[in-house]
Amino acid sequence: MDKNVRIVIAGAGMGGLATALALAKKGFTHIDVFETASNLGFVGAGIQLAPNMARILDRLGCWKDIEAEAVDIKETSIRQGSTDGELGNVDLRYIRETYGYPHMVGHRSSLAGSLYAACKKEKGITVHFSTAVVGVESWGPKPTLKLQPRNGEAYTVEADVLIAADGLKSVIRDQMLKDLNINAKVVDTEQAAYRIMLKREEMAHDPELLELIDADRVIRWIGEKRHIIAYPVSNKQIYNLSTTQVDKNFASAPSATYTTKGDKSIMLATFGDFCPKIHRMLSLVPDGEVCEWKLRVHSPLPTWVHGSVALVGDSCHPTLPHLAQGAAQAIEDAAVLGVVLARCPDSSPESINKALQVYQKVRKERAEILVELAAASGRALHLGDGAAKAERDKQFAALKEKKGAVPDKWADADVQKQIYGHDCMKVAEDSFDELFASV
């Protein structure tokens with residue numbers, strides 16, 4: 001395949017930047033990334049850096065900078081929210097030795113910033129900020145995309161390959177589904193999340209809170225229909241808390257609304273029966289700085305590919321955060337796209353479509369299994385009193401004796417093997433010829 005083909009990527013999130021970088025590392029020289037926002041910004045909060053993600057980032061040359069300020073997690077503790085009593089504990093020290101990389105946690109801006117810095121070093125990548133995707137003008141044989149700069153006239157670009165990494169609210173996906181007469185839509189999970197970052201100096205006065213930020217530990221406090229997951233990031237200068245609870249504040253909002261200013265008193269009341277330690281942390285959040293995110297997913301798509309267009313990340317497999325694999329799965333998409341397009345035998349639209357179908361065959365089933373695993377884990381964690389909760393807690397008790405599965409799937413060794421032990425780039429390399437011939 002001609003490495004000078006024009007590749008257009010919509011969206012400069014994790015999936016978009018990683019795709020651009022993966023393609024540049026394979027020698028592609030004409031990669032344009034279009035992003036609505038005026039810059040990357042320091043949005044988001046903590047993020048879990050699992051071995052399957054770290055393996056790819058290392059190959060792309062941007063893992064060392066991320067690793068330098070991330071926290072190497074040695075254990076996870078699952079606790080009853082109301083009492084702080086430990087239900088289960090999983091030693092994670094084996095992960096580095098088993099999978100070649102540790103399980104670390106970091107700041108989302110560190111991951112995005114390092115990906116962007118690596119992209120800027122590649123002459124073949126140009127990132128265009130403040131440029132929104134209006135829609136696809138033509139699907140082929142070469143897709144044409146209409147773009148609207150924040151200041152300026154709209155224009156179109158023709159691409160040999162178009163990658164839609166424009167997130168859950170993807171314009172390209174919605175248009176693609178309409179063109180293919182597919183009825184699939186964003187699904188309301190009836191859940192929402194608070195994302196909180198406490199600075200070390202805010203916790204320093206409280207010995208119990210200081211112990212939390214000093215530990216190499218992820219804690220999940222669980223209760224009926226809600227939980228909090230927490231861990232230190234940024235060289236233990238920040239303590240990250242992310243909650244999941246029943247959505248009450250978005251129910252009457254328009255479907256386009258995904259974030260809202262939260263009410264601190266409502267946040268405190270939501271976790272009112274949780275232990276005093278939790279109350280003290282939530283009380284540290286300044287009034288007016290409570291922000292709540294709506295958790296939405298998308299119904300499974302029958303295809304991620306249309307001609308020379310492919311979907312990536314949240315545009316095709318958005319997931320609940322309970323497995324901590326959202327960004328990792330977008331980065332796996334990127335890595336596989338790098339492999340299949342580099343292996344594509346020529347630059348014809350027919351061959352490009354076949355290569356993108358190989359991408360789909362390598363990635364789609366795995367991503368959708370993990371989406372469902374994340375949803376199942378959330379259901380188990382949020383059980384109220386009753387037989388199912390009693391059975392779950394019995395499983396947690398067995399965990400202390402090193403027996404059986406873990407209800408919190410993120411901490412289950414068999415699930416970890418399924419996720420962390422998978423080398424998507426090797427799978428794509430090894431299976432490319434056979435799959436390309438079969439599509």
What pairs with Lys236 under side-chain hydrogen bond (donor to acceptor under 3.5 Å, both in side chains), at least two apart in sequence or on another chain? Asp216
All heavy atoms of Ala355 vs all of Phe436, minimum pair found to be N-CE1, 3.7 Å
Compute whether any side-chain donor of one residue and acceptor of the other, for Glu368 and His317, lie under 3.5 angstrom apart. no
With rounding to the nearest 0.5 angstrom, report the CG to CG distance, Leu60 to Leu21. 4.5 Å
Would you say the side-chain atoms of Thr98 pair up with the backbone N or O of Tyr94, donor to acceptor, closer than 3.5 Å? yes
So, the side chain of Asp314 versus the backbone of Gly167: is there a donor-acceptor pair under 3.5 Å, distance only? no
Any Phe271 side-chain heavy atom under 4.5 Å of Gln245 side chain: yes
Please examine the side chains of Glu75 and Asp91, heavy atoms only from C-beta on, and report whether any two atoms are closer than 4.5 Å. no
Applying salt bridge (charged side-chain N to carboxylate O under 4.0 Å, His left out), name anything that partners Asp414, two or more places apart in sequence or on another chain. none
Could you tell me whether the side chain of Asp166 and the main chain of Val171 form a donor-acceptor pair under 3.5 Å? yes
Leu210 and Arg200: side-chain contact (heavy atoms from CB on, under 4.5 Å), yes or no, with the steps? CA-CA 8 Å; Leu210 206 54; Arg200 186 179 187 85; 4.1 Å; yes
Nearest atoms (heavy-atom pairs only) where Asn52 meets Tyr420: OD1-CD2, 3.7 Å
Taking the side chain as C-beta and beyond, is there a heavy-atom pair between Leu162 and Val136 under 4.5 Å? yes
Residues Glu211, Arg217: salt bridge by 4.0 Å N-O rule: yes
When rounded to the nearest 0.5 Å, the distance separating NZ of Lys199 from CD1 of Ile238 is 7.5 Å
Is it true that the NZ or CZ of Arg363 lies under 6.0 Å from the centre of Trp304's six-membered ring and within 45 degrees of the ring axis? no
Kindly compute the distance separating CZ (Arg220) from CD1 (Ile229), expressed to the nearest 0.5 Å. 4.0 Å
Are the side chain of Lys264 and the backbone N or O of Ser283 linked by a donor-acceptor pair below 3.5 Å? yes
Shortest non-hydrogen pair, Ala165 vs Gly15, comes out as CB-C, 4.2 Å
Which pair of non-hydrogen atoms, one from Leu320 and one from Ala375, has the smallest distance, and what is that distance? CD1-CA, 4.1 Å
If we count only N and O atoms by modelled type, under 3.5 Å, do the side chains of Asp32 and His128 hold a donor and an acceptor together? yes
Do NZ/NE/NH1/NH2 and the carboxylate oxygens of Asp174 and Lys169 come within less than 4.0 Å? no
Output yes when Asp206 and Arg280 qualify as a salt bridge under the 4.0 Å nitrogen-oxygen rule, no when they do not. yes
So does Leu301 get a backbone contact from the side chain of Lys364, meaning a donor-acceptor N/O pair under 3.5 Å? yes
Could you check whether Glu86 and Ser77, counting side-chain N and O atoms only, form a donor-acceptor pair closer than 3.5 Å? yes
What side-chain donor-acceptor pairs closer than 3.5 Å can you find for residues 112-125, not counting sequence neighbours?
unit_1 : atom_1 : unit_2 : atom_2 : d
Ser114 : OG     : Ser110 : O      : 3.0
Glu122 : OE2    : Lys25  : NZ     : 3.1

Check whether the side chains of Thr303 and Gln360 place a donor and an acceptor atom closer than 3.5 Å, and report yes or no. yes
Report yes if the side chains of Leu111 and Leu57 come closer than 4.5 Å at any heavy-atom pair, otherwise no. yes
Salt bridge or not between Arg93 and Asp72? Use side-chain N to carboxylate O under 4.0 Å. no
Is there side-chain contact between Met176 and Arg173, with heavy atoms separated by less than 4.5 Å? no
Which atom names give the shortest non-hydrogen contact between Pro232 and Ala215, and what distance separates them? CG-O, 3.3 Å
Restricting to non-hydrogen atoms, name the atom on Tyr99 and the atom on Pro51 that form the minimum distance, rounded to 0.1 Å. CB-CB, 4.1 Å
